[in-house]
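The figures that follow rest on heavy atoms only: side chains count, while hydrogens, waters and symmetry mates do not. Residue numbers start from 1 in every chain, and the chains themselves are labelled A, B, ... in the order their sequence lines are given, proteins ahead of strands.
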Amino acid sequence: GAVVSQHPSRVICKSGTSVKIECRSLDFQATTMFWYRQFPKQSLMLMATSNEGSKATYEQGVEKDKFLINHASLTLSTLTVTSAHPEDSSFYICSAPLSFGSGYTFGSGTRLTVV
Amino acid sequence: AQSVAQPEDQVNVAEGNPLTVKCTYSVSGNPYLFWYVQYPNRGLQFLLKYITGDNLVKGSYGFEAEFNKSQTSFHLKKPSALVSDSALYFCAVRDMTSGGYNKLIFGAGTRLAVHP
């Protein structure tokens, strides 16, 4: 089946540094990628939607300059957390829609800890 | 506005007993409904979906869900719970207002705890 590979699974970084999270579609082309953030014991909150070759669409309240999204190819979308702070510590998950009506596939998530 | 509600933060059930995790939705038009399961520090795993057709949908790991249009519900069920079913369960509906590859709107999640 369609698989999205997300890396890294865990990352610890220092405050002020940037972290890049990658999501690759392994056996299909993902023209769209959804990026979610999940706080402990809470639901998934959509941060932004990336589309190959165009600018990402950010949800209200999400800082575009802080969470940089790039979707330069049909198989790779990246989320870069710039100048990370402890409050950015969270679980980030990407998801790609499959052919219409087939549903969605999710990456395995990235646990970001900013110290 | 389109939304999904999971009224229970946690459901406790004894192993071998039937389980139900509740979900209600509010959408305009016909809903596309999904159930996902999440284990700690993992992504979401697909359980089942309702697009059209039979109201009773059978999915992975022995789970099923019943679509009830009049009650706008899509409760997840399993006849006999296993300890390994203990996880976080999310109900979701496709946001049909966006067009094309619409995003999913998630419920708050329900933690299922199955006790031996």
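When each of B:Gly107, B:Gly43, B:Gly109 is scored by its heavy-atom pairs under 4.5 Å with chain A, the top score falls to B:Gly43.
For A:Lys66, the NZ atom is densely surrounded, since the number of other residues' heavy atoms within 6.0 Å is greater than 12. At most 12 heavy atoms of other shown residues, nucleotides or ligands fall within 6.0 angstrom of atom CG in B:Asp54. Open room surrounds CD1 on A:Ile12; 12 or fewer heavy atoms of other groups in view lie less than 6.0 Å from it. The number of heavy-atom neighbours closer than 6.0 Å to CZ of B:Arg42, taken from other residues, nucleotides and ligands shown, is 12 or below. Shown here is B:Asn41, whose CG atom has more than 12 heavy atoms of other residues, nucleotides or ligands within 6.0 Å. Within 6.0 Å of atom OH in B:Tyr39, more than 12 heavy atoms from other residues, nucleotides or ligands are found, so the atom counts as buried in its surroundings.
Across B:Phe90 and A:Gln42, no two heavy atoms sit closer than the pair CZ-O, 3.9 Å. The shortest heavy-atom contact between B:Leu44 and A:Phe106 is O-CB, 3.7 Å.
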_side-chain contact (heavy atoms from CB on, under 4.5 Å) between B:Phe106 and A:Gln38, intermediate numbers included_ = CA-CA 11 Å; B:Phe106 286 91; A:Gln38 185 182 27; over 6 Å; no
*Please assess B:Leu104 against A:Tyr36 for the test side-chain contact (heavy atoms from CB on, under 4.5 Å), listing each intermediate value before the final yes or no.*
CA-CA 10 Å; B:Leu104 282 177; A:Tyr36 294 88; 3.8 Å; yes
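If you measure heavy-atom distances from B:Leu88 to chain A, the contacts under 4.5 Å come from the side chain alone.
Inter-residue side-chain proximity for B:Gln38 and A:Ile93 is flagged as met; some heavy-atom pair is nearer than 4.5 Å.
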